[in-house]
Amino acid sequence: MQAIRYGVNWAQAQALYQRERADFAARRPRSRALSQQSAEHLLFGVPLHWMDDWSTPFALYVESAKGAAIRDVDGFSYTDFCLGDTGAMFGHAPQAVADAVAAQCAKGFTTMLPSADAAWVGGELSRRFGMEKWQFALSASDANRYAIRWARAITGRDKILVFNGCYHGTVDDVFVDLEHGQPVQRASLLGQVYDLTCHTRVVEFNDLAALESALAHGDVACVLAEPAMTNIGMVLPKPGFWEEAHAIIRRHGALLLMDETHTISSGPGGYAMAEGIPADMLVLGKPVAGGVPCAVYGFSADMAAKAEAAKRAAPPGHSGIGTTLSANMLALAAMRANLEQVMTDAAYAHMFRLARILEEGLRAAIARHDLPWCVTRIGARTEFQFCPHPPQNGSEAEAILDGELEHIVHLYLLNRGLLITPFHNMMLVCPDTTEADIARFVDVFDNLLAQLKG
Ligand SMILES: Cc1ncc(COP(=O)(O)O)c(C=O)c1O
């Protein structure tokens with residue numbers, strides 16, 4: 001066993017973890033009882049097996065979630081910096097969205113026909129994101145799946161390209177990693193019966209030469225990317241990366257499909273809009289309807305014309321794109337309220353200001369305890385990582401992921417009323433987060449580091 005791990009006194013950290021687990025379990029009899037009850041009929045005792053991946057000895061059961069706060073069934077309150085891993089990036093149950101949903105509930109949920117909100121939402125999405133035409137899905141995973149299918153139909157090419165360590169939801173095509181420079185299918189996938197490496201190329205983020213040679217075959221329909229990687233810990237593009245990458249993608253006739261599902265933290269029009277990266281298609285899920293299940297994907301004018309032509313040229317029948325409840329009336333009403341009243345410039349200004357204070361506070365605490373950790377931020381999204389300098393690609397980012405240390409950190413915070421995302425160390429600030437919330441987070445984090453340092 002290493003005595004010091006990422007600057008942490010490991011024996012002390014493990015002892016701390018055992019104490020935190022015991023403390024959590026002792027003080028949450030209702031969550032424990034519900035976990036035991038759920039185990040009778042739910043796989044792993046939870047309605048989604050990921051809910052078993054948190055740092056707690058059994059699942060934390062939620063009583064209510066509003067704004068930046070969650071209350072559990074045992075009466076404890078938490079300031080939520082996880083925010084449903086971005087689903088609630090604009091706060092839990094924003095009032096305008098809750099009101100719009102309640103009003104729509106009286107008028108029907110789903111008809112497989114458009115409601116009057118559809119045209120307004122399409123226009124607003126175009127204004128914000130610069131894409132001409134839009135379609136809707138129920139999740140970002142679905143939206144990515146459909147966008148890939150459109151890209152293949154538009155280009156007549158069969159392959160896609162992704163960056164090593166990416167995550168774009170449960171989309172089969174993207175679960176290809178680089179191992180010692182070779183593409184391999186992710187070993188953890190369940191029930192995968194065909195070889196994903198046949199149709200997916202993978203290169204490191206920030207590696208323009210690798211991108212150029214992977215696209216030079218002329219068979220890639222689209223590059224599917226987050227403009228900054230967020231799912232293997234944060235990896236930012238090097239200055240000028242996207243400008244060059246975009247030119248390479250164009251040169252080889254591939255499309256650029258931007259997944260802004262997490263990087264919508266960068267501003268009301270997303271990262272690509274803020275940085276002037278001209279994508280061909282764009283996907284956004286999770287918080288776009290204020291946490292009501294919904295996702296959108298957009299096409300540039302040129303791509304929209306080609307997509308419509310591809311559909312018209314195809315034989316009649318199912319396109320393989322869409323689901324029955326996609327673009328339902330409830331989701332459209334929620335999205336309209338969210339875009340109109342919640343996801344505003346003023347909300348972003350508040351989120352950015354507080355996230356900056358959080359970033360500086362975390363950095364100062366890390367420096368005070370002389371730990372070899374760093375902090376990265378994209379707008380309202382902040383992350384601390386167990387390395388002295390931010391990683392520059394997926395391999396570097398993966399090398400410093402440490403699930404055990406993350407659990408210790410997360411549980412210590414949770415037991416003190418602070419939730420962060422259960423995977424890596426991501427924190428979001430929402431419009432309801434206050435300066436006092438940030439100050440408390442930094443204070444508890446500072447105390448934790450003192451204990452971990454020993
Ligand atoms: C960048 C990105 N795209 C897509 C998804 C998939 O979202 P969902 O699970 O809502 O389908 C995620 C989920 O974390 C994501 O981070």
Side-chain angles (χ1 to χ4, degrees), residues 46-51 53-54 81-90 129 135-149 151 160-176 186 188-189 200 202 205 222-237 256-266 270-273 277 279 281-298 321-323 325-328 331 334-335 338 376 378-383 394 397-398 401 420-428:
V46 279
L48 167 65
H49 68 275
W50 310 351
M51 291 176 182
D53 291 346
W54 286 70
F81 291 85
C82 167
L83 293 167
D85 193 20
T86 311
M89 197 178 110
F90 301 104
F129 298 103
Q135 288 282 277
F136 301 88
L138 285 178
S139 67
S141 299
D142 272 355
N144 277 317
R145 236 189 312 277
Y146 304 150
I148 289 171
R149 206 178 256 272
I160 68 159
L161 184 143
V162 295
F163 291 110
N164 185 37
C166 71
Y167 182 69
H168 297 283
T170 47
V171 180
D172 288 352
D173 298 79
V174 307
F175 289 115
V176 178
R186 203 164 294 176
S188 57
L189 292 181
T200 302
V202 54
F205 197 59
C222 70
V223 173
L224 169 57
E226 287 189 277
M229 298 183 80
T230 66
N231 280 299
I232 187 134
M234 217 108 90
V235 182
L236 299 185
L256 176 57
L257 165 51
M258 276 299 187
D259 182 351
E260 294 268 21
T261 297
H262 275 187
T263 48
I264 192 64
S265 65
S266 320
Y271 191 104
M273 198 66 175
I277 307 164
M281 296 174 71
L282 182 148
V283 161
L284 171 60
K286 296 196 185 185
V288 67
V292 172
C294 185
V296 301
Y297 58 103
I321 296 170
T323 52
L325 300 184
S326 298
N328 65 73
M335 200 167 4
N338 191 49
T376 308
I378 313 175
R381 178 181 300 272
T382 310
E383 172 120 25
E398 197 193 2
L401 289 181
I420 74 171
T421 308
F423 327 109
H424 48 97
N425 298 308
M426 196 271 301
M427 292 142 290
L428 284 168

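When a ligand or atom number is given, it counts from 1 through the structure's own listing order.
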> Distance under 4.0 Å to a non-hydrogen atom of Gly169: what atoms of ligand 1 satisfy this?
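Contacts of ligand 1 toward Gly169, numbered from 1: 4 (C), 5 (C), 6 (C).
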> For the residue pair Phe175 and Tyr167, does the interplanar ring angle fall in the parallel (under 30°), tilted (30 to 60°) or perpendicular (over 60°) class?
tilted
> For atom 8 (P) of ligand 1, what is the nearest protein heavy atom, given as residue, atom name and distance?
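Result: Ser141 OG, 3.7 Å.
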> Can an N or O of Trp50 be found at a distance shorter than 3.5 Å from an N or O of ligand 1?
no
> How far is atom 7 (O) of ligand 1 from the closest protein heavy atom, and which atom is that?
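Scanning the protein heavy atoms, the shortest distance from atom 7 (O) of ligand 1 goes to Ala140 CB, 3.4 Å.
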> Hey, are the side chains of Leu138 and Asn328 touching, using non-hydrogen atoms and a 4.5 Å cut-off?
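Side chain of Leu138 against side chain of Asn328, heavy atoms only: contact under 4.5 Å found.
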> For His262, take its heavy atoms, then give the atoms of ligand 1 lying under 4.0 Å from any of them.
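Once the distances to His262 are compared, the set is 14 (O), 16 (O).
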> Could you tell me how the ring of Phe205 sits relative to the ring of Phe163: parallel (under 30°), tilted (30 to 60°) or perpendicular (over 60°)?
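If you compare the ring of Phe205 with that of Phe163, the planes turn out perpendicular.
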> At less than 4.0 angstrom from any non-hydrogen atom of Glu226, what atoms of ligand 1 do you find?
1 (C)
> At under 4.0 Å between heavy atoms, which part of Asn231 makes contact with ligand 1: side chain, backbone, both or neither?
side chain
> Hey, is ligand 1 close enough to Asp142 that some N/O pair sits below 3.5 Å?
no
> Who's the nearest protein heavy-atom neighbour of atom 2 (C) of ligand 1, and how far?
Asp259 OD2, 3.4 Å
> Do Pro227 and Glu260 have side chains that approach each other closer than 4.5 Å (heavy atoms only, starting at C-beta)?
yes
> Do the charged groups of Asp85 and Lys286 touch, with an N to O distance under 4.0 Å?
yes
> Considering only non-hydrogen protein atoms, determine which one is nearest to atom 14 (O) of ligand 1 and report residue, atom name and distance to 0.1 Å.
Lys286 NZ, 2.6 Å
> With a 4.5 Å limit on heavy-atom distance, are the side chains of Phe129 and Ile264 in contact?
yes
> Check ligand 1 against Asn144 and write out every atom of the ligand that is under 4.0 Å from a heavy-atom position of the residue.
3 (N), 4 (C)
> Test His168 against every option in Val283, Leu257, Thr261, Val174 by the side chain to side chain contact (heavy atoms under 4.5 Å, CB included) rule and name the one that passes.
Val174
> For the CG atom of Leu224 and the CG atom of Asp259, what is their distance to the nearest 0.5 Å?
6.0 Å
